[in-house]
Amino acid sequence: MRKEVNFVSHYDFKTIEPKWQKRWEEQKLYKTYEDDKKPKYYCLEMFPYPSGKLHMGHVRNYSIGDVIARFKRMRGYNVLHPMGWDAFGLPAENAAIKHGIHPAKWTWENIANMRKQLKQLGISYDWDREIATCHPGYYKWTQWFFLKLYERGLAYRKKSFVNWCPSCATVLANEQVVDGRCERCGAEVSKKNLEQWFFKITEYADELLEDLKKLPGWPEKVKVMQENWIGRSEGVEVYFTAEKTGKRIPVFTTRPDTIFGVSYLVMAPEHPMVDELVAGTPHEKKVKEFQRKMEKLNEITRTSTETEKEGVFTGAYAINPVNNEKVPIWIANYVLLDYGTGAVMGVPAHDQRDFEFAKKYGLPIKVVINPQQGELRSESMTQAYVEEGILVNSGMFDGMNSKEAIKAIASFMEEKGFGKRTVNYKLRDWLISRQRYWGAPIPIIYCDKCGIVPVPEDQLPVMLPHNVEFNPKGTSPLLECEEFLNTTCPECGGPARRETDTMDTFMCSSWYFYRFTDPRNEEKPFDEEKLRYWMPVDQYIGGVEHAILHLMYSRFFNKVMRDAGLVHVDEPFTNLLTQGMVLKDGAKMSKSLGNIVSPEEIIEKYGADTARLFILFASPPEKDLEWSDQGVEGCHRFLQRVWRLVEELLPRMQDPAADEKVDREVRRLVHKTIKKVTDDIEERFNFNTAISAIMEMVNGLNSYKERPVSGKVIKEALESLLLLLAPFAPHITEELWERMGYQKSIHLMSWPEADREAMADDEVEIVIQVNGKLRGKLMMPADVTEEEMKEAALKHEKVLSLIEGKNVVKVITVPKKLVNIVVK
RNA sequence: GCGGGCGUGGCGGAACUGGCAGACGCGACGGACUUAGGAUCCGUUGGGUUUCCCGUGGAGGUUCAAAUCCUCUCGCCCGCACCA
């Protein structure tokens, strides 16, 4: 009899999805304005590099963001959810060299394609705020920010040994070198002595470290990574004296309590003082040889823990200021020039590295710290004693414990001028010059008369010239572009040259989240009021690969702009969600492995709603996700079931009041689901369990199809179902919403509220245990008392047989849940 | 070596403050409808010697009760790594 009624339409996603995408766009459904009547919510996903096509990682990233944005909107927030393009960068230039396409054309075409794909996914962006970092209207302000840094003395030029990627033909920041290789292309990075532009990120090292504490909404992992990268360590710079030249040799130590145990000094092979110490001595030849050998080694092998310590004696000596002892000066591979002072004191008894070195070269081992119990003897030591302890052989400091001694000796040295307390960081200044064309030109002019001259603000942007020659060697075409190169000095008006290097693209992405608050402003990078309304970003979502790079640069940038009075927040991103990777067959999708699943195909075959639903259902967002074609089909089937369920039940929305008990059951299911889905999204971003709860609801409603349910209750159930599903599957829910008879978009509706009363159970299931083991279950009224539970449990058939002839020691009850009878 | 995370059916994963282990989905098996089923619907599905016993990487412990807490241990992933 139902059969004829069951005639329903087919879930035709291929018609539905474009239909709604078009309507949303026409109606500007997701356009955002400042509105003081609503709490604001800034939901941001890391903008992509326009490589040409979306990959599954993007789909995951933007699906997560869209659920959050749509959910928050329905919860009454004024949500800013923008998208843009991190559009400068090398691939565009490589395409130019390889295929003869201009980087601009290549980039804009890719953007057009990816924008189309994002729209096909139905992500709720305010497209009127779209930005691209390669647009002069954007990079004008990137250059403006460079000038701000320059004015504040935070941008400077310096000659130093920098990382050079031969394949990318440009220098790189330290953060972009991973295991001695280029983070982008994997080529081995070498060192070049070049004059380059840097940002003084080290000036903010302490605050960048300290303010991590202000970020409880960030994953611990990311904070730890930044902490490691900043690498703060407190200690003392001790001034040794070179016996031969009388010059000061500062060394950095975190253990001044071991200063009396110094038996030698080690300098980095490249230390500038080495040459003068060995000049004209019999040691000169060997030292030079060693230096040459070190030069040839790449940094990874040179600094690996596995590499054996190696060094040579310079023939020179240094004087230890605290006891005037004369100690030999060595150079060795394990001392790095660019950390601390490039020289260290060797305390073999209390430092494992020094111990190994001293053993190898027969240098004396002198114990100056003893453990709380017992006494160390240098002859019998097999490793260094690096823990704290009690000082010995340390003159007036004997008997102190390490903690006291560290303070006392540091103060003593400061008093006597033997040294001073210092803080050292592993963090280096950010090298931002790139010898590439496709980037924002550094707004600097070099004049023979006036020197380095910043381009005046009113002359911004320094435009990238369009007509340039790309040469296959990969050198920047700007070097040969006369019309760009030649200019006049803004100060003296004489002939001058432009800086030909462009800026690291991480500079462009360090402020884009400001620009979204006021993307078309031509007078300023942003309007302060608008920025004040929207910033900080409430929820930032992206891959963990930017844990240090982009996320630390942006934090630095934000602090500078705050100090410049442009921004009011200490930290730009309040909450950070780092999504897991999308895997196929247990490995990251990659061309070389041939395990790529393209979003295009999935959308074509199943539609965007299915793609989104699967990617959110398969795994919680921060975990890796294993792609499964069958899983996708399962999600598609679920959406078909939703379609059928709604279509079948639509005609019954006018049904008269029916069985009150059944109504109550249906309403209980609906409201329990509302509660669960709300909590899962709001508190934990556990979209997978939220979706499974919706699936359970659909299964449940299906089972009520044959039963008498009031029309009112059916209507409430269907409405709730669609509202709960709307953030995940925006198209099908919108279509069904319309079919329910609503004119106004489901995405402008309020999120449903769980009704406590409707949720309340009539009956509860009581679990009965004997000695902690499950022995039975009982249905009891919801207002059952613990006493009643206990009584019923003790009368339970199964229980009686089990406790017969035994002693009931104790009965434990958990209200409305469980009775545990303990017998002996 | 240090730091962070993880380990649960055939698979992806649930189980929030200790209280029914395995929700939901996939797969598999059985059935219905059917010319057909790779569509759809219904049912079953941790293992076993099946009134019961065993099961959350392993071994102990705390507890009436442990995937969850503690100790040790094994394995995997990620980050840092001669940083003085």
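We name chains A, B, ... by the order of the sequence lines, and we start the count at 1 in each one. Quick caveat, the model's predicted, so the values are computed rather than measured.
Note: Phe355(A) and His350(A) fail the aromatic proximity criterion, with ring centroids not under 6.0 Å apart. Phe614(A) has its ring centre no less than 6.0 Å from the ring centre of His636(A).
In this entry the distance linking CG of Leu613(A) with C1' of C26(B) reads 14 Å, nearest Å. Here U51(B) presents its C1' atom at 11 Å from CZ of Arg775(A), a figure rounded to the nearest Å. Summarising the geometry, the separation between CE on Met581(A) and C1' on G5(B) is reported as 13 Å, rounded to the nearest angstrom. Put simply, OH on Tyr606(A) is 11 Å from P on A39(B), counting in whole angstrom units. Put simply, CZ on Phe687(A) is 22 Å from P on C24(B), counting in whole angstrom units. In this entry the distance linking CD of Gln579(A) with P of C78(B) reads 17 Å, nearest Å. Nucleotide C77(B) holds its P atom 13 Å from the CG atom of Leu583(A), rounded to whole Å. One interatomic measurement links the two molecules: NZ of Lys773(A) to P of G19(B), which rounds to 18 Å at whole-angstrom precision.
With a cut-off of 3.5 Å on both pairing distances, U17(B) has no Watson-Crick or G-U wobble partner at all. Pairing for G43(B) is with C29(B), a Watson-Crick or G-U wobble pair whose two hydrogen-bonding atom distances lie under 3.5 Å. Under the Watson-Crick or G-U wobble criterion, with both distances below 3.5 Å, A36(B) has no partner in any strand shown. Base pairing annotation: C76(B) forms a Watson-Crick or G-U wobble pair with G5(B), both donor-acceptor distances under 3.5 Å. Pairing of U71(B), defined by two Watson-Crick or G-U wobble distances under 3.5 Å, is identified with A59(B). Shown here, A65(B) forms no base pair; nothing in the strands shown gives a Watson-Crick or G-U wobble contact with both key distances under 3.5 Å.
Here Gln640(A) reaches the OP1 or OP2 of U40(B): one of its side-chain N or O atoms lies under 4.0 Å away. An OP1 or OP2 oxygen of A84(B) is reached within less than 4.0 angstrom by a side-chain nitrogen or oxygen of Tyr339(A).
Under a 4.0 Å N-O distance rule, the pair Lys705(A)/Glu648(A) qualifies as a salt bridge. Looking at Glu325(A) and Lys366(A), a side-chain N of the basic residue comes within less than 4.0 Å of a carboxylate O on the acidic one, giving a salt bridge. Between Lys403(A) and Glu388(A), at least one side-chain nitrogen of the basic residue sits less than 4.0 Å from a carboxylate oxygen of the acidic one, meeting the salt-bridge criterion.
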**Report entry** Lys14(A) and Asp12(A): CA distance, side-chain angles, deciding distance, salt bridge (charged side-chain N to carboxylate O under 4.0 Å, His left out) verdict
**Finding:** CA-CA 5 Å; Lys14(A) 282 202 172 168; Asp12(A) 179 15; over 6 Å; no
**Report entry** Verdict with reasoning, Lys293(A) to Glu295(A), per salt bridge (charged side-chain N to carboxylate O under 4.0 Å, His left out)
**Finding:** CA-CA 5 Å; Lys293(A) 186 174 157 192; Glu295(A) 230 171 85; over 6 Å; no
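For the 3.5 Å distance criterion, the side chains of Tyr334(A) and Glu356(A) fail to qualify, holding no donor opposite an acceptor. Side-chain contact, Asn163(A) with Lys191(A): a donor N or O sits under 3.5 Å from an acceptor N or O.
Closest heavy-atom contact between Met345(A) and Thr258(A): CE-OG1, 3.7 Å.
When distances are taken from the side chain of Val767(A) to each of C20(B), C24(B), A84(B), the shortest belongs to C20(B). With G4(B), A84(B), G79(B) as the choices, the nucleotide that has an atom nearest any side-chain atom of Lys221(A) turns out to be G4(B). Distances from the side chain of Leu774(A) to the nucleotides C20(B), G27(B), C24(B) place C20(B) closest. In this structure, the nucleotide among C80(B), G19(B), G3(B) sitting nearest to the side chain of Val224(A) is G3(B). The listed nucleotides are C64(B), C80(B), C82(B); the one nearest the side chain of Asn228(A) is C80(B).
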Expected rows: protein N/O vs nucleotides 11-16 of chain B N/O, under 3.5 Å:
| unit_1 | atom_1 | unit_2 | atom_2 | d |
| --- | --- | --- | --- | --- |
| G12(B) | O2' | Ala618(A) | O | 2.8 |
| G13(B) | O3' | Asn688(A) | ND2 | 3.4 |
| A14(B) | OP1 | Asn688(A) | ND2 | 3.1 |
| A15(B) | OP1 | Arg684(A) | NH1 | 3.4 |
| A15(B) | OP1 | Arg684(A) | NH2 | 3.0 |

Identify all pairs in which a protein N or O lies below 3.5 Å from an N or O of nucleotides 41-46 of chain B, and state each distance.
| unit_1 | atom_1 | unit_2 | atom_2 | d |
| --- | --- | --- | --- | --- |
| C41(B) | OP1 | Arg644(A) | NH2 | 2.7 |

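Checking side-chain atoms of Tyr606(A) against main-chain N and O of Asp609(A) turns up no donor-acceptor pair under 3.5 Å.
Residue Glu696(A) is the one, among Val335(A) and Glu696(A), whose nearest nucleotide of RNA chain B lies closer to the 5' end (criterion: closest heavy atom). The residue among Ile548(A) and Ile821(A) whose nearest nucleotide of RNA chain B lies closer to the 5′ end is Ile821(A).
Glycosidic torsion of G9(B) falls within 90° of 0, placing the base in syn.
If you check distances only, the side chain of Lys810(A) never reaches the base of C64(B) with a donor-acceptor pair under 3.5 Å.
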